[in-house]
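Sequence lines set the chain letters: A, B, ... in the order given, protein chains first and strands last, and positions in each chain run from 1. Quick note: numbers below take in every heavy atom, side chains included, and nothing from hydrogens, waters or symmetry partners. For clarity, every value in this text was computed on a predicted model and none was experimentally measured.
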Protein chains: 2
Amino acid sequence: MAGRKYQLRKRAEGLDATRERIVEATAALHYEQGVAATSYIQIAERAGVGPATVYRHFPTLGLLVLACGAHINEAMQPPLPENAKTVFAGLGMRQQRLERLAAELDAFYERGAAWLGIAARDRDRVPELDGFLRQVEAGVEALVREAVGAGSSEAMIRLMTALADVSVWQSLKRLEAPPAEFRRTMAGLLDCASGLAAPGHANPA
Amino acid sequence: MAGRKYQLRKRAEGLDATRERIVEATAALHYEQGVAATSYIQIAERAGVGPATVYRHFPTLGLLVLACGAHINEAMQPPLPENAKTVFAGLGMRQQRLERLAAELDAFYERGAAWLGIAARDRDRVPELDGFLRQVEAGVEALVREAVGAGSSEAMIRLMTALADVSVWQSLKRLEAPPAEFRRTMAGLLDCASGLAAPGHANPA
DNA sequence: TATTTCACGAAATAATTCTCTCGTCAATAG
DNA sequence: CTATTGACGAGAGAATTATTTCGTGAAATA
């Protein structure tokens, strides 16, 4: 009666399939309505499973969010601190590096701004969302640091990081400028910020 | 049996008092938890009235939000398009006007950024919040227009308005710079933006 | 004073949500 | 083939919410 060993072989496929369906349904609903506004029952319905099945796979909302996050991270490809160096490989001039930074940020936010907005809305209610966003922010800051180099003041880096935030990108994006012009504007702002942050500095031409 | 006229004289005071209590309780709860996350029952409990009373005074969430908005508008004192001219009265130089603009925006957001964040979170769910924010945005844009004067390009105005958005202010505010430095930075960014937006354009002195 | 009006809140109703228990059944083991 | 395992979903139970009905009492009328 006790402990006959039981391996899930073919059953494991079906199991993973339902798990996948749940995660995708959750991601879709979170995208449409936000995280906190989505119920287990809605998820179950859209995934075509019973509520109990959702619970079995993800006993807490946090686990569900984590699974979604892993899923979404793949599509977003957020900047990773450990990759920051290679992004600017071979670029020596400050101007070039800032343009590269602007292009990198723009491409990332184009992929991920919508999701970042979703996550930000409930980050104070769902700790996992907060952790997720912190990682993203760390990646962005690493990009900024790498772009301006090691000799820069902390004040400059923090100011530029603030301007590199997704909220600023979103505000600028509403202007609907053509991509090339948009990135030029962003690089210009970052350049300007680097001048502003150092007191007693004039704006470099 | 029909229609004897009945004036609420002394009763009107008590009536307004409960209405006021409801509005204040709502504002507090919206501030703490957000608009969409607050229930009628919570409001009734905090106001010390029955749920039915909340319904009688405000049959829909929209009416409740409008009443709150009027309340909050007084504390926020958002910039009004019709007052934009007087804000810059007597200031001729562009530099001075931009500093005034930065100071005005900073003071306003200091009063109202928290509420603007609350409203923005649910603006797509509650039409009244969207209308409220549109009005605020119109006031900010009017300030920007007045600051740079009539001869400026539309592109410049739109870029500066984007930078004048509350989301940018919030991102910069996290740096916790001293007030004077903060406003200098903001004015510098706006100045920079005016240069970026007009390729081959000189700004009017 | 006697009567009418109406704001108020207790409580009822209906709808949703969360969360778990349990029987079913296909895949697995012997 | 027979017995066992464990994923699944129907559905129950508890809790919370939205919304309304109705009796009460104080203010207003006459």
Side-chain angles (χ1 to χ4, degrees), chain A residues 1-26 29-30 32-65 67-68 122 125-128, chain B residues 1-26 28-30 32-68 122 125-128:
Chain A
M1 111 174 349
R4 179 203 291 191
K5 64 178 174 179
Y6 190 95
Q7 307 260 19
L8 304 175
R9 287 193 284 242
K10 288 196 174 177
R11 294 190 73 173
E13 299 170 17
L15 200 161
D16 286 350
T18 48
R19 184 187 160 94
E20 185 67 13
R21 292 223 309 286
I22 291 170
V23 171
E24 274 172 17
T26 304
L29 286 166
H30 283 181
E32 292 169 15
Q33 327 177 329
V35 176
T38 297
S39 74
Y40 270 77
I41 292 182
Q42 286 178 310
I43 294 170
E45 274 178 5
R46 177 160 316 196
V49 303
T53 303
V54 180
Y55 266 89
R56 164 137 352 89
H57 283 271
F58 306 99
T60 75
L61 176 63
L63 293 174
L64 203 37
V65 166
C68 268
D122 296 309
R125 256 189 278 271
V126 183
E128 287 79 7
Chain B
M1 119 175 339
R4 179 203 291 191
K5 62 178 178 179
Y6 189 97
Q7 308 259 18
L8 304 174
R9 286 195 284 244
K10 287 196 175 177
R11 293 189 74 175
E13 297 171 17
L15 201 162
D16 286 351
T18 49
R19 184 189 160 94
E20 184 66 15
R21 293 223 309 284
I22 291 171
V23 170
E24 273 172 17
T26 304
L29 286 165
H30 284 180
E32 292 168 15
Q33 326 176 330
V35 176
T38 298
S39 74
Y40 270 77
I41 292 182
Q42 285 178 310
I43 293 170
E45 272 177 6
R46 178 161 316 197
V49 302
T53 302
V54 180
Y55 268 89
R56 180 184 332 278
H57 283 271
F58 306 100
T60 75
L61 176 62
L63 293 173
L64 203 37
V65 166
L66 284 180
C68 267
D122 295 310
R125 255 190 278 272
V126 183
E128 287 79 6

Protein-nucleotides 13-17 of chain D N/O pairs closer than 3.5 Å?
none

List every contact pair, protein side and nucleotides 8-10 of chain D side both N or O, where the distance is under 3.5 Å.
residue, atom, partner, partner atom, Å
D:dC8, OP1, A:T18, OG1, 2.6
D:dC8, OP2, A:H57, NE2, 2.8
D:dG9, OP2, A:G50, N, 3.2
D:dG9, OP2, A:T53, OG1, 2.6

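Note on A:D122 versus A:R125: salt bridge recorded, some NZ/NE/NH1/NH2 to OD/OE distance being below 4.0 Å.
Separating the OH atom of A:Y55 from the P atom of C:dC22 is a distance of 18 Å, rounded to the nearest angstrom. What separates CD1 of A:I43 from C1' of C:dC18 is a distance of 12 Å, to the nearest Å. Regarding B:E13, its CD atom lies at a distance of 17 Å from the P atom of D:dA26, rounded to whole Å. Spacing between atom CZ of B:F58 and atom C1' of D:dT19 amounts to 17 Å, rounded to whole angstrom units.
Of all heavy-atom pairs between B:A67 and B:R19, the closest is CB-NH2, 4.3 Å.
Counting heavy atoms from C-beta on, the side chains of A:F58 and A:T26 never come closer than 4.5 Å.
In this structure, the side-chain contact (heavy atoms from CB on, under 4.5 Å) partners of B:T38, at least two apart in sequence or on a different chain, are B:L29, B:H30, B:Q33, B:Q42, B:I43. Considering only residues two or more places apart in sequence or on other chains, A:A44 meets the side-chain contact (heavy atoms from CB on, under 4.5 Å) condition with A:V49, A:P51, A:V54. Here B:E128 pairs with B:V65, B:L66, B:V126 under the side-chain contact (heavy atoms from CB on, under 4.5 Å) rule; sequence neighbours left out.
Legend: side-chain hydrogen bond (donor to acceptor under 3.5 Å, both in side chains) pairs involving residues 45-56 of chain B, not counting sequence neighbours, sorted by first then second residue: B:E32-B:R46.
Under the 3.5 Å distance criterion, the side-chain polar atoms of A:Y40 are matched with a main-chain donor or acceptor of A:L61.
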